[in-house]
Trainee: 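Here you go, one structure.
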Amino acid sequence: MKHLITFLFVASLLVLGFVALNYIWKWFPIDYTGLVKVFISILVVIFIGTGLAMVFSAGYARKDNQRDVGKKD
């Protein structure tokens with residue numbers, strides 16, 4: 001699952017970066033109305049969601065050999 005989330009994050013980052021650069025430099029003629037705006041909005045939501053999932057996953061992850069602080073065995 002972590003690999004899928006990471007893949008979606010990187011893919012959405014690359015596509016959004018390409019769309020942003022294409023908007024600035026106009027490499028390919030794209031009509032930024034209607035369906036394209038919906039597609040970009042969905043990519044932004046995927047980008048934010050997967051980014052937050054990775055942050056929270058890393059925040060709650062522990063190594064297998066790490067003990068709880070204050071808990072004595």
Trainee: Test of understanding: with side chain to side chain contact (heavy atoms under 4.5 Å, CB included), list the residues that count as partners of Leu14, not counting sequence neighbours.
Mentor: Val10
Trainee: To the nearest 0.5 Å, what is the distance between CG on Leu43 and CD1 on Ile48?
Mentor: 11.0 Å
Trainee: Does NZ or CZ of Lys26 lie under 6.0 Å from the centre of the six-membered ring of Phe28, at an angle within 45° of the ring axis?
Mentor: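 So Lys26 doesn't make the cation-pi contact.
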Trainee: According to a hydrophobic-cluster definition based on side-chain heavy atoms being under 4.5 Å apart (Ile, Leu, Val, Met, Phe, Trp, Tyr only), do Ile30 and Val15 belong together?
Mentor: yes
Trainee: Would you say Phe18 has more than 12 foreign heavy atoms packed within less than 6.0 Å of its CZ?
Mentor: yes
Trainee: Give a yes or no on whether Leu4 and Leu52 share a hydrophobic cluster (residues Ile, Leu, Val, Met, Phe, Trp, Tyr; joining criterion: side-chain heavy atoms under 4.5 Å apart).
Mentor: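 They do share one cluster, since a chain of ILVMFWY contacts under 4.5 Å joins Leu4 to Leu52.
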Trainee: Sorted by first residue and then second, give each ring pair (Phe, Tyr, Trp, His ring centres under 6.0 Å) pair with at least one member in residues 33-62; sequence neighbours left out.
Mentor: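 Every ring pair (Phe, Tyr, Trp, His ring centres under 6.0 Å) pair that includes a residue of residues 33-62, provided the two are not neighbours, is Phe9-Phe47.
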Trainee: Under a 4.5 Å cut-off applied to non-hydrogen side-chain atoms, are Asp31 and Val36 in contact?
Mentor: no
Trainee: Any link between Leu35 and Tyr23 through a network of hydrophobic side chains (Ile, Leu, Val, Met, Phe, Trp, Tyr) touching at under 4.5 Å?
Mentor: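 As far as the 4.5 Å side-chain criterion goes, Tyr23 and Leu35 are not connected within one cluster.
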Trainee: Over all heavy atoms of both residues, which pair between Asn22 and Trp27 is shortest? Give the atoms and the distance, please.
Mentor: OD1-N, 2.9 Å
Trainee: Passes side chain to side chain contact (heavy atoms under 4.5 Å, CB included), His3 versus Thr6? Steps please.
Mentor: CA-CA 5 Å; His3 297 294; Thr6 305; 5.7 Å; no
Trainee: Holding to side chain to side chain contact (heavy atoms under 4.5 Å, CB included), I want the full list of residues that pass it with Ile46, two or more places apart in sequence or in another chain.
Mentor: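 Per chain and number, Ile46 pairs via side chain to side chain contact (heavy atoms under 4.5 Å, CB included) with Leu8, Ser12, Ile42, Thr50.
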Trainee: Take atom CH2 in Trp25; do more than 12 heavy atoms of anything else shown fall under 6.0 Å from it?
Mentor: no
